[in-house]
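One structure is given here, and the rest of the page talks about it.
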Amino acid sequence: MIVPMLALALAAPPAARPKPVAESSSPRLVVILSVDGLGFARLEQYRPWFVAGLKRLLDEGQVETACRYRHINTETGPGHSSLSTGAPPRVTGIVANRWFEQNPDGTIRAVQAAFPGAPGVPGSSQSTAIAGLGNLRVPTLGDRLVSERPGARVVSLSAKDRSAILLAGRDRRHSVYWYDQDTGVFATSSAYDADASARAVVEAFNGGLRLPARFGFRWDPLPLSDAVPDIPPSARPVPAPGLFEFQVPVNGIGFPHDYRLNPAGYFAALYSSPVVDELVADLAIAMLEDNRLRLGRGPGPDLLALSFSAQDVVSHRYGAESEENLDVLRRLDVQLGRLLAAIDKASDRRAVLALSADHGFATIPEAERARNPSFRGARLVLGGRTFPSFVDRLNRLLASDLCLDARARPIYGGEGWNLIYDRGALPLRTVEGACGPPGREVGRDQLDGSLARLAPRFFADEVAEVLPVAERDRWNPSDPAVEFARNDLDLERSGDAFVIPRPFVQMADDAARGSGHGTHHEYDIHVPFILWGGAFRPARSAAETTPYDVAPTLGSLLGVRLSDAVGHVVAPAGGPPSEAR
Ligand SMILES: [Zn+2]
């Protein structure tokens, strides 16, 4: 009955409404911390090694143990955009680190998610950066914070440009800095007009770097210390000699690594080492300690976004299972120990931090197979120096199947797990052959059909299926891969087909070495999510969460609403139920 129910609702006690957050308990500082490429299983495996910051977060934080991305193309640009906006790529528009779009004349152009200074991109690095900012289709937590809370500031730092940019957002007022591999200092873009105090901190920091004097030319692993207890066999990396022939020798092979061996120079060598994480931590601490910037002590709550890149860059070269990767994480643990102390001090213990990752990581498939003959895993070579590439091979198959000229390239290119056709050249025409008389038109439908049939047959070990974008209304909803493709689907940017990889298959630019990420499989999607500080207490929760929950959760603490977010607010475990949950 309607009337009594209405009366009941009107009579509900005020306690049923969300309680206003008491001013004294609201955070002064909110921190988003991304460890680039860190899967949850890897963090758990190496837990016995951690003695500082990662140990504190695991011991003192609310650890969400079932946090998984729900999109394919688990790459750095998409992941950081999801962390900052609370939404998957179908909403953010950042469908990969780079994608292809069609020009009005039908030709195709490559677009960087946010990648200033990319080689081969015309124009200055700064104009590219501005284009990159415009690619993000929705506002971030930082964008909403500075527009809703007067005096609030956003500082975003990383070794990678796209991580710093996409964690921060589009507002010009953000202070956004990343490590420049050419010059060895922290740089920004003219798309941002950083806070003058933040700018002064970076200028002083850059001026005092003296990199070779401080870090030298050798990377030795951290020694075992008394603080590290006995390490069980399950927490040990793959012994180095078993990986040597599968590693990309960017800084040489095996410890000690020699930064002078890097063909791109000393500053680039540091980018493929744990040094860049220490630099990002140092700059963050300098920001927190600066008495003019007063981060976490200002008129509004501040947001500090940090992305630590070394775990990703080193894993690409040396493998996520390598001794090099373990050393990066042990050193990151030390740096995060310093960082947490500085956060506590600056915010007077009124900070809330969320740790997560933009994606996980796969091991090196060839090395895994050498240890385990029954292991199934492989790589497809998309670009790089190897010829023919996966796209080249697909084009040959399509040309043969559809009676096209042998030199035809109906697929223009691929990025992530997307392929785009050479749309301006369609329809193609058949040549003399088994298909009957020449000159018949071959359009998108024929390409879709041929590709979907041939790719899983000729690449049976690598490709599970092809999902043509034009057939998206007919994708099988009970196919688990379909949700991951839909969440990455942007009709202007996703090209013409998703290639769905089998487990442990990666898209690589090296034919036999290094490792990567990007799939919809467990090792790429299952990432850490730890909430630390404020009302969050030591707890482990196995409730299903996603990285899209990070921004809404932090937004709820800041009193900022993200209307485009699809994630949910994660409440303190055992605490009062949250309105938004
Ligand atoms: Zn990444």
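Numbering of ligands and ligand atoms starts at 1, following listing order. Computed from a predicted structure; not experimentally measured.
- Distances from the Zn ion (ligand 1) to each N, O or S atom of D36 single out OD1 as the nearest.
- With 2.8 Å as the limit, D312 does not count as an N, O or S neighbour of the Zn ion (ligand 1).
- If you run side-chain contact (heavy atoms from CB on, under 4.5 Å) between I94 and each of T76, N135, D490, only N135 comes through.
- Under the 4.0 Å criterion applied to side-chain N and carboxylate O atoms, R376 and D461 are assigned as salt-bridge partners.
- Centred on the Zn ion (ligand 1), the angle running from H359 (NE2) to T76 (OG1) is recorded as 120°, rounding to 10°.
- Taking the six-membered ring for Trp and the full ring otherwise, F361 and H316 have centroids separated by under 6.0 Å.
- Ring geometry for F459 versus F390: interplanar angle over 60°, hence perpendicular rather than tilted (30 to 60°).
- Of all N, O or S atoms in D358, the one lying closest to the Zn ion (ligand 1) is OD2.
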